[in-house]
Amino acid sequence: MLDIKLIRDEPDIVKQAILDRGKDADVTDVDGILELDSRRRAILVEVEELKRQRNVAGEEIAALKKKGEDAGQIVERMREISERIKEMDAEVREVEARRTELMMDIPNIPQESVPVGPDESANEEVRTWGKPPRFTFEPRPHWEIGEALDILDFKRGAKIASARFTLLKGAAALMERALINFMLDIHTKEHGYTEVFPPILANQESFEGVGQLPKFGDDMYWCRDDNLILITTAEVPVTNIHRGEVLAEEELPRKYVAYTPCFRREAGTYGKDVRGIIRQHQFNKVEMVKFVHPDVSLDELESLTANAEEVLKRLGIHYRVVCLSTGDLGFASSKCYDLEVWMAGAGEFKEISSCSCFTDFQARRANIRFKPASGGKPRFVHTLNGSGLAIGRTVAAILESNQLDDGRVVVPTALQPYMGGMTLIE
RNA sequence: GGAGAGAUGGCCGAGUGGACGAAGGCGCACGCCUGGAGAGCGUGUGGGCGGCUUAGCUCCGUCCCGUGGGUUCGAAUCCCACUCUCUCCGCCA
């Protein structure tokens with residue numbers, strides 16, 4: 001959520017941001033908010049004056065009664081005022097609710113350094129690492145490799161659950177587990193993150209706190225009987241660790257890393273990535289989340305991205321870093337780098353991590369603040385998060401990058417200790 | 001799932017329908033005291049919204065005692081619903 005003061009003072013900046021983002025655009029909402037906001041304040045001034053009168057009268061009544069005198073007249077007068085207050089309070093509540101509703105749908109303001117453009121075609125490649133592997137044969141996509149090795153079983157995954165669920169067997173299951181440990185170890189032991197294992201179901205407030213509700217409920221699995229939702233990413237529970245809290249400035253930055261399964265209905269992606277394990281309803285992910293001081297959030301985005309990149313470097317997988325354009329930027333994000341890994345079999349780059357700075361957008365929704373060390377009022381922290389990395393896609397990338405002409409797959413050296421010394425999948 | 005208890009300021013803890021947001025204590029901050037520290041003494045110690053002024057960090061108002069409603073001229077205090085925590089029983093990885 002944006003600061004109402006920003007919308008008041010700089011409505012044109014907000015409108016421009018909405019236009020730059022393209023698709024969610026409805027600039028008239030800003031005017032609607034401004035109107036409701038001034039209505040709200042006008043009523044507030046009036047009703048607070050009435051409340052003041054009520055408080056004064058209350059003291060008078062108490063004093064009169066103490067003296068044993070009759071306060072009937074004042075009471076009678078106050079009865080009317082109270083009635084009026086009740087009406088106006090309800091009005092304020094209603095106006096406020098409508099204002100908040102509109103505000104919840106306004107996306108974050110992109111950073112100035114974010115390229116302006118309508119969609120992913122305007123994204124900017126920031127850097128690349130490594131080179132695409134060369135083959136003396138036609139490299140195959142991971143689903144062919146996986147089925148041939150009998151480690152990816154799509155048919156049975158579908159039988160057990162539905163399409164876009166995959167049964168991992170043998171070396172694939174082992175690699176999945178190994179990658180989780182491998183990544184967690186890097187981030188906890190070398191990058192200074194604290195490991196957490198959060199609830200995999202979260203309530204509605206938690207989803208609202210990170211900006212996934214009310215807008216994107218269609219993509220979630222709801223347990224309606226219990227009013228809980230399967231998390232779409234660890235960002236949801238981990239960011240909400242500090243919902244409603246005031247941290248000490250000295251506690252910043254707070255850095256967490258979590259492995260969790262993630263669940264997405266992938267509504268509206270029919271026909272996209274239908275083969276393989278790129279787009280699944282259930283997938284594993286290691287996620288980094290940071291709570292930082294507002295002054296350093298963009299630096300923290302760079303280091304967060306570097307932390308994610310480190311995993312790919314250790315695994316020796318070719319990738320590039322892309323700065324998303326305004327049109328491709330997530331709703332809550334002010335700046336975002338995607339790490340795209342080279343899928344040797346498919347011959348294209350695929351997103352494997354998304355590292356975002358949300359400035360105070362999530363913190364305002366989730367009410368996460370810090371107390372400045374120099375004193376003064378609490379301020380909103382800035383939040384960031386990034387995958388480090390999506391596990392399934394990493395498996396796919398390894399299978400495709402490290403395949404041999406006979407169908408076997410070389411286990412990356414760095415991962416071998418995590419797979420019981422296995423060097424080759426055959 | 002059944003039965004019961006409870007939710008007050010950073011923490012502990014009192015609280016009557018009407019007294020700067022609330023006794024007391026702890027903690028914390030500043031000051032005094034001290035050669036220094038401690039003790040002691042003194043002062044202070046939350047947040048949201050809004051107004052004025054256009055920035056007072058020591059202005060004014062309003063709201064906040066789990067959350068949301070209700071009763072009342074007035075509610076932390078009475079009523080209702082919900083949420084959470086704790087104890088016991090049952091079931092269970």
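The sequence lines fix the lettering, A, B, ..., with proteins before strands; numbering per chain opens at 1.
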Rounded to the nearest Å, what distance is computed from the [atom1] atom of residue [X] to the [atom2] atom of nucleotide [N]?
| X | N | atom1 | atom2 | result |
| --- | --- | --- | --- | --- |
| A:R52 | B:C20 | CZ | C1' | 16 Å |
| A:E251 | B:G10 | CD | P | 15 Å |
| A:E59 | B:G17 | CD | P | 19 Å |
| A:M78 | B:U71 | CE | C1' | 19 Å |
| A:E205 | B:U83 | CD | C1' | 10 Å |
| A:Q53 | B:G61 | CD | P | 14 Å |
| A:R93 | B:U67 | CZ | P | 15 Å |
| A:N203 | B:U67 | CG | P | 17 Å |

Among A:I241, A:T383, A:V257, A:V238, find the one that has a side chain to side chain contact (heavy atoms under 4.5 Å, CB included) with A:V289.
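Output: one option passes, namely A:V238.
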
With a 4.0 Å cut-off on N to O distance, would you call A:E249 and A:R369 a salt bridge?
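Judged by the 4.0 Å cut-off on N to carboxylate O distance, A:E249 and A:R369 do not form a salt bridge.
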
For a 4.5 angstrom cut-off between non-hydrogen side-chain atoms, does A:I229 reach A:F207?
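In short, these two side chains touch, coming nearer than 4.5 Å.
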
Which helical stems does RNA chain B take part in, if a stem means at least 3 consecutive Watson-Crick or G-U pairs with both distances below 3.5 Å?
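As far as RNA chain B goes, consecutive pairing (with distances under 3.5 Å) yields the stems B:1-7 with B:83-89, B:10-12 with B:24-26, B:27-32 with B:40-45, B:46-51 with B:59-64, B:66-70 with B:78-82.
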
Please check this pair: side chain of A:N240 against backbone of A:S206, looking for a donor-acceptor N/O pair closer than 3.5 Å.
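Side chain of A:N240 to backbone of A:S206, a donor-acceptor pair under 3.5 Å: yes, one is there.
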
Protein heavy-atom contacts under 4.0 Å, written 5' to 3' over nucleotides 45-54 of chain B as B (base), S (sugar-phosphate only) or - (none), form the string --SSBSS---

Residue closer to the 5' end of RNA chain B, A:R79 versus A:V47 (nearest nucleotide)
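Comparing both residues, the 5'-ward one is A:V47.
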
With nearest nucleotides of RNA chain B determined for A:S82 and A:N55 from heavy-atom distances, which residue corresponds to the more 5′ nucleotide?
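Going by which nucleotide is closer to the 5' end, it is A:N55.
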
